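Written out below as structure tokens is the structure these notes cover.
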Amino acid sequence: MAKQIEVAGLDAYYGAHKAIEDITMTIEPRTVTAFIGPSGCGKSTFLRTLNRMHEVVPGARVEGKVRLEDQDLYGPDVDPVSVRRTIGMVFQRPNPFPTMSIYDNVAAGLRLNGRFSRSELDGIVESSLKGANLWNEVKDRLNKPGSGLSGGQQQRLCIARAIAVRPQVLLMDEPCSALDPISTLAIEDLISSLKQDYTIVIVTHNMQQAARVSDKTAFFNLAGQGQPGKLIEMDDTSRIFTNPGQKATEDYITGRFG
Amino acid sequence: MTTVQTGIQPISTSRRVKDRVVQALVYLAFAIAVVPLLSVLWLVVKNGLARFDLEFLTHSMRNIGARDAGGGAYHAIIGTLEQVLLASLIAVPIGLLTAVYLVEYGAGGRLARWISFFVDVMTGVPSVVSGLFVLAFWVLALGMPFSGFAGAMALSILMMPVVVRSAEEMLRLVPNDLREASYALGVPKWRTIVKVVLPTAFTGIVTGVMLAVARVAGETAPLLLTVFFTDSINNDPFSGPQMGLPLYVFDQAGRPTDTAIDRAWTGALTLILIVMLLNLVARLIAWWRSPAKRG
Amino acid sequence: MRRSAFRRSRGDVPFRVASIGAGIVLLAIMAAIGVFLVVKAIPALQANTSNFLTEKIWTPNATEPKFGIAALAFGTVLGSFLALIIATPVAIGVALFISHYAPRRLAAVLGYVVDLLAAVPSVVYGLWGVAFLVPFMRGPSEFLNTYFAWIPLFGGDQVVGKSMLTASIVLAIMILPIIAAISREVFLQAPKMQEEAALALGATRWEMIRMSVLPFGRPGIISAAMLGLGRAMGETIAVALILPATFGISFQILGPNGNSIAANIANGFGEATTIGRGALIASGLVLFLITLVVNMGARLIIARRKEFARAA
Ligand SMILES: Nc1ncnc2c1ncn2[C@@H]1O[C@H](COP(=O)(O)OP(=O)(O)OP(=O)(O)O)[C@@H](O)[C@H]1O
Ligand SMILES: [Mg+2]
């Protein structure tokens, strides 16, 4: 079910402000792709163009092409709702629905999409929570509110919620930035195991994390203040971290940036 | 079938339809809310313009018989202006000082919490009850006559909580740095409040007061019980019955003749113009205050 | 006593006292409202020859005063609940329209339009009600009575324009902007994070609202509705102009039935004797207490919600 994403000549705007410019890349199926780059260079913006969440911001728009295998995500008769259903997303800050129980949080996406019997739902909720490495911690309190969990647990709950609907791609925007090292490790392990079934894209500021979990790494940078962000280079992670093609990449990775 | 399973699956028709239906209902709700407003404004303007003339604005109802045309609302306009002005003179100082207490002195204390709670309770006092209170206290217990001033007292009770709440909100918006900078210069607290805090919040407070004024200018029930009625001009709000524009509309609307109904519409038009003008001025002040928001 | 170099500035004490004083005046006014209404109601209640709570008739000016709050309180509650039932769904729709449906620029303007609705004085709605809505409602009322008489509210042999239904509609129009304005503020505060969570799961706009906006906004809607209810109960003039001012208890809202405490005060004040005025004050006290309970309930919900928001 994992799918390849092809991006060609993509620009994204917030009103009149162009946040990213002319991005072209291919994201391989069943791999983890990491986006790295300085703050404000448009990593989140780009990530959000991949499942049409960008246009949720008032005044925001996109130019260029994004293809999921052979389908144009921005095609005239493509419904953004179904794009988001197909390409799941995990946010920087855990955002479970506060009024819903743990169980209902995981089932939320499923309930939108069709009728499931109680036992089917139970099965999917359990397998999603297991997939997110959370099952053992919450199996006795599935009916308690999700907001009662720790930050790391909440984030894994959000991952469970995202994978419960069986997306083809999973986008993660700094999923560990609000978490402690142990929860971070748990999520990194999770990413490695999810890779078997999903195409995963992860934004991170943590070089070690990028090096640990990803197969490919894309480096983004700003040409200057107020300029749009650009893709500088994208390659195998091992290559980016040992022998990058661009000077800017090397400077950023070795911390000699700016 | 296989392509459907692997590609972007369109969402089900029923979900799409439900989304559309709700959207239609939401638009419809807005239309339903606007229709009465348009109808009210249209009828008030259409029917009100017939008698919106110089005579209406400069004459009272004195010596106008039950079936006579003519007559005006001069006495009511004067009455409303005086009553609202007096009400503001009572309510604004009390409301403003209370807000100062809540924000600058009492912050979080027991008394401040009680006052704050009762300001909320006061917001919910029905206007007719404030009129009854002034009737019971001023007219019946103290034996004072019906007068414009009695009406102003009733209106001021309705104004006070509005003034307190809006002033409180504005005072809280004043950054603490400003206060601290002033204290650091050795300026005493009260002078800091008078010279730094209040001027900074000034336009916001004025906006709040104007909105409060606009609200009470249209109140009828409290006047009915405190100002009573008169058809003649009474420029002195401290003695004898006065008239007020809302009361005038109520009075004329209750009379069975067409000429009276015409006067009621024109009175309503005048009242709406006054209230809208006050609202407009308040919003202009608020807009002028925040040049940043214009961008 | 030695004067300290750090003594308070001379103006500080008077200013502080003045500001505390103002707050206390405010408390005193609230207390005085209760006290004076009670004091002036008591003589009339003593002169009353029937039970104030259960009597429906209102003849306090007679030589044998007879008056009771039953019919008036019933009318007040019925009318304002009907208004609430009519206004709340529309107000929620209006609030959602402004917060989540209308384009951003338009939304700001439309917000002003709704506030404008709130600025129209109630006597103007009253005038509009008698002159336009009362005749207008005869047709629809006949229709309801003909085809829906099996619903008790729409039953009855007589159908008039000056009815409880018409008054409730005017009340609904008057409280709609209040409910809409508060709900709108609450909806605008709904956390963007949860909205995006719902959208990223593939929720449509409505599903997103149902999953993240409405659960968040529920306490706000409830308290807004209760504040609206309080306002409807206290509304006087519009209702006084429209209601037929009868003294009975009937659920038939299309017929010539209906009255309210506030309307009765406005209608009865002109010819009231001393006992009559006392009786009206007594009824005002009841109105005050009812609205007090409703408003405090609303405030409690808001306060609980604040704590909840702080905790989250
Ligand atoms: N909602 C928004 N409205 C307007 N401009 C925005 C918005 N979100 C981001 N931007 C702008 O777009 C540019 C890219 O922002 P983006 O959030 O994509 O950066 P980022 O690379 O994710 O940064 P970080 O590493 O700090 O998360 C920035 O200049 C930012 O100011
Ligand atoms: Mg980011």
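Just so we're on the same page: letters track the sequence lines, and every chain starts at 1. A quick note: this is a predicted structure, and the numbers were derived from the prediction, not measured.
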Q: Look at B:Arg15 together with C:Glu207 and state whether they make a salt bridge at an N to O cut-off of under 4.0 Å.
A: yes
Q) If we only count heavy atoms from C-beta on, is the B:Ile272 to C:Pro121 side-chain gap below 4.5 Å? A) yes
**Q.** Contact class of B:Phe117 relative to chain C, heavy atoms under 4.5 angstrom
**A.** side chain
(Q) Looking only at side-chain N and O atoms, does B:Thr98 offer a donor or acceptor that is under 3.5 Å from a partner on B:Arg165? (A) no
(Q) Could you tell me if the side chain of C:Ser283 sits less than 4.5 Å from the side chain of C:Ile265, heavy atoms only? (A) yes
Q: Using the salt bridge (Lys or Arg N to Asp or Glu O under 4.0 Å) rule, collect all pairs that involve residues 30-43 of chain B, keeping only residues at least two apart or in two chains.
A: none
Q: Against chain B, label C:Val113 side chain, backbone, both or neither, depending on which of its atoms sit under 4.5 Å from a heavy atom there.
A: both
Q. Counting heavy-atom pairs under 4.5 Å to chain C, which of B:Gln23, B:Arg16, B:Met160 comes out on top?
A. B:Gln23
**Q.** C:Thr204 versus chain B, the contacting section by heavy-atom distance below 4.5 Å
**A.** both
Q: For each of C:Tyr112, C:Phe288, C:Tyr125, C:Tyr101, tally heavy-atom pairs with chain B at distances under 4.5 Å, and name the one with the top tally.
A: C:Tyr101
Q: Under 4.5 Å heavy-atom distance to chain B, tell me which part of C:Phe269 shows up: side chain, backbone, both or neither.
A: side chain
Q: Kindly state each residue pair satisfying salt bridge (Lys or Arg N to Asp or Glu O under 4.0 Å) with at least one member in residues 212-225 of chain B, sequence neighbours excluded.
A: B:Arg215-B:Glu219
**Q.** Residue part contacting chain B, namely of C:Ile33, when any heavy atom lies under 4.5 Å
**A.** both
Q | Portion of B:Leu28 that has a non-hydrogen atom of chain C nearer than 4.5 angstrom | A | neither
Q) Between C:Ser260 (side chain) and C:Thr76 (backbone), is there a donor-acceptor pair under 3.5 Å? A) no
Q | Contact class of B:Ile115 relative to chain C, heavy atoms under 4.5 angstrom | A | both
Q. So, the side chain of B:Ser116 versus the backbone of B:Arg113: is there a donor-acceptor pair under 3.5 Å, distance only?
A. no
Q) To the nearest 0.5 Å, what is the distance between CE (B:Met159) and CG (B:Leu211)? A) 10.0 Å
Q: Under 4.5 Å heavy-atom distance to chain C, tell me which part of B:Asp19 shows up: side chain, backbone, both or neither.
A: both
Q: On the 0 to 90° scale, with breaks at 30° and 60°, tag the C:Phe15-B:Trp190 ring pair as parallel, tilted or perpendicular.
A: tilted
Q.
Report which part of B:Leu102 has an atom under 4.5 Å of a heavy atom belonging to chain C: side chain, backbone, both, or neither.
A. neither
Q) In terms of heavy-atom proximity below 4.5 Å to chain B, should C:Ile281 be classed as side chain, backbone, both, or neither? A) both
Q | Selection from C:Ile261, C:Asn295, C:Val94 maximising heavy-atom pairs under 4.5 Å formed with chain B | A | C:Val94
Q) Between C:Ile20 and chain B, which part of the residue has a heavy atom less than 4.5 Å away: side chain, backbone, both or neither? A) both
Q) At what distance, to the nearest 0.5 angstrom, does CG of C:Leu241 lie from CD1 of C:Ile237? A) 6.5 Å
Q) Heavy-atom distance under 4.5 Å to chain B: side chain of C:Val114, backbone, both or neither? A) side chain
Q) Of the non-hydrogen atoms in C:Trp128 and B:Ser39, which two are nearest, and what is the gap between them? A) NE1-OG, 2.8 Å
Q. When only pairs under 4.5 Å are counted, which of B:Leu224, B:Leu225, B:Val275 shares the most heavy-atom pairs with chain C?
A. B:Leu225
**Q.** Selection from B:Asn47, B:Val129, B:Val34 maximising heavy-atom pairs under 4.5 Å formed with chain C
**A.** B:Val129
(Q) Under 4.5 Å from any heavy atom of chain B, what part of C:Ala31 do you find: side chain, backbone, both or neither? (A) neither
Q) Taking B:Val100, B:Leu140, B:Ile32 one by one, which has the highest count of heavy-atom pairs under 4.5 Å against chain C? A) B:Leu140
Q. Most heavy-atom pairs under 4.5 angstrom with chain B, which of C:Gly23, C:Ala131, C:Gly234, C:Ala172?
A. C:Gly23
Q: Go through the atoms of B:Ala214 and report whether side chain, backbone, both or neither lie under 4.5 Å from a heavy atom of chain C.
A: neither
Q. Among B:Leu25, B:Val164, B:Leu135, which has the most heavy-atom pairs under 4.5 Å with chain C?
A. B:Leu135
Q: Decide whether a cation-pi geometry holds between B:Lys189 and B:Tyr105; the criteria are a distance under 6.0 Å from NZ or CZ to the six-membered ring centre and an angle within 45° of the ring axis.
A: yes
Q: Could you tell me which of C:Leu127, C:Leu280, C:Leu37 has the largest number of non-hydrogen atom pairs under 4.5 Å with chain B?
A: C:Leu127
Q) Under 6.0 Å between ring centres, would you say that holds for C:Phe136 and C:Phe132? A) yes
**Q.** Minimum-distance pair of heavy atoms, taken over all atoms of C:Ala83 and C:Ser168
**A.** CB-O, 3.5 Å
Q.
Which atoms of B:Val21 are under 4.5 Å from chain C, going by heavy atoms: the side chain, the backbone, both sets, or neither?
A. neither
Q: Give, for atom CG of B:Leu37 and atom CD1 of C:Ile173, the distance between the pair rounded to the nearest 0.5 Å.
A: 9.5 Å
Q. Heavy-atom distance under 4.5 Å to chain C: side chain of B:Leu96, backbone, both or neither?
A. neither
Q.
With chain B as the partner, which of C:Ile169, C:Ile209, C:Leu110 has the greatest number of non-hydrogen pairs under 4.5 Å?
A. C:Leu110
Q | C:Ala32 portion near chain B, given a 4.5 angstrom heavy-atom threshold | A | both
(Q) Is C:Ser19 in contact with chain B via its backbone, its side chain, both, or neither, using a 4.5 Å heavy-atom distance? (A) both
